[in-house]
Amino acid sequence: QVQLVESGGGSVQVGESLRLSCVVSGGIFSTSKLSWHRQAAGKGRELVALIISDHTTTYSDSVKGRFTISRDNAKKTVYLQMNSLNLDDTGVYYCRSEGYSRDCKHYASWGQGTQVTVSS
């Protein structure tokens, strides 16, 4: 069973930074596709950033140039560095891992979410 545990959320002011971390247990981390998503109150969940096994990254237009996703395969951890935060970045941030377990079964798992609140 693949489990994801996020940390690093909190309350900050506009313009400040936060770094989210997500530790993944189970599955073959090095080949997994990792992503961060967020959900604002009353809205659907949206993709924020994605990183694949060769470290190629993709970002939503709303965070491009401000957020950076990275992965540390040795620590089985994916990070989201968030700079120049604005009010629209407020929401619950979820980590997602998709890949294959050691017995070759496909999986897609989510973390429990971590709250990010940006205030003026």
Side-chain angles (χ1 to χ4, degrees):
Q1 184 176 2
V2 177
Q3 294 184 324
L4 292 79
V5 179
E6 300 117 333
S7 61
S11 296
V12 297
Q13 294 192 319
V14 170
E16 294 184 339
S17 300
L18 277 176
R19 189 176 83 152
L20 306 182
S21 300
C22 174
V23 179
V24 183
S25 59
I28 303 174
F29 184 88
S30 60
T31 58
S32 62
K33 182 167 64 175
L34 304 164
S35 53
W36 287 96
H37 304 248
R38 68 186 179 192
Q39 187 165 17
K43 296 187 177 181
R45 194 172 298 188
E46 63 169 345
L47 174 67
V48 173
L50 173 78
I51 185 167
I52 61 175
S53 58
D54 66 357
H55 296 250
T56 299
T57 57
T58 303
Y59 298 93
S60 68
D61 287 343
S62 62
V63 308
K64 203 172 293 183
R66 299 187 298 120
F67 290 12
T68 302
I69 187 171
S70 61
R71 64 192 294 162
D72 185 331
N73 288 345
K75 295 183 178 179
K76 296 186 179 181
T77 302
V78 57
Y79 304 96
L80 185 67
Q81 177 66 43
M82 305 186 294
N83 298 330
S84 302
L85 286 161
N86 60 51
L87 298 177
D88 291 336
D89 296 320
T90 295
V92 179
Y93 283 69
Y94 297 90
C95 176
R96 182 178 187 269
S97 175
E98 180 180 353
Y100 289 88
S101 63
R102 296 196 179 279
D103 56 355
C104 301
K105 293 181 180 178
H106 181 264
Y107 73 87
S109 298
W110 293 88
Q112 80 287 353
T114 185
Q115 177 70 44
V116 171
T117 302
V118 184
S119 60
S120 58

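What you are looking at is a predicted structure, and each value in this text was computed from that prediction instead of being measured.
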Enquirer: Check the hydrophobic clustering (I, L, V, M, F, W, Y; side-chain heavy atoms under 4.5 Å; chains of links allowed) and say if Y59 and V48 are grouped together.
Expert: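 In one cluster with Y59: V48, yes.
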Enquirer: Please state whether the rings of W110 and Y94 are parallel, tilted or perpendicular, taking 30° and 60° as the class boundaries.
Expert: perpendicular
Enquirer: Kindly say whether G26 contributes a backbone atom to a donor-acceptor pair with the side chain of R102 at under 3.5 angstrom?
Expert: no
Enquirer: Is it the case that the side chains of S97 and Y107 hold a donor-acceptor pair, with the cut-off being a distance below 3.5 Å and no angle test?
Expert: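 A donor-acceptor contact under 3.5 Å links the two side chains.
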Enquirer: Is the cationic atom of R71 (NZ for Lys, CZ for Arg) positioned less than 6.0 Å from the six-membered ring centroid of F29 and within 45 degrees of its normal?
Expert: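 Yes, R71 lies over the aromatic ring of F29.
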Enquirer: Which residue in the set D88, D89, T90 passes side chain to side chain donor-acceptor pair (under 3.5 Å) when paired with R38?
Expert: D89
Enquirer: May I ask you to test the V14-L87 pair for a side-chain heavy-atom distance under 4.5 Å?
Expert: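 Touching, per the 4.5 Å side-chain cut-off.
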Enquirer: Y100 versus T31: any side-chain heavy-atom pair under 4.5 Å?
Expert: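 No, every pair of side-chain atoms sits at 4.5 Å or beyond.
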Enquirer: Within the 4.5 Å heavy-atom criterion, are V23 and K75 side-chain neighbours or not?
Expert: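 A side-chain contact is absent here, since even the closest heavy-atom pair is not under 4.5 Å.
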Enquirer: Flag the pair V2 / V24 as yes when at least one side-chain heavy-atom distance between them is below 4.5 Å, and no otherwise.
Expert: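 Yes, their side chains come closer than 4.5 Å.
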Enquirer: Is the number of heavy atoms from other residues, nucleotides or ligands within 6.0 Å of NZ (K64) greater than 12?
Expert: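 Result for NZ/K64: enclosed.
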Enquirer: Do Q3 and S109 come close enough that some side-chain heavy atom pair is under 4.5 Å?
Expert: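 When only atoms from C-beta onward are counted, S109 and Q3 do not touch, as no gap falls below 4.5 Å.
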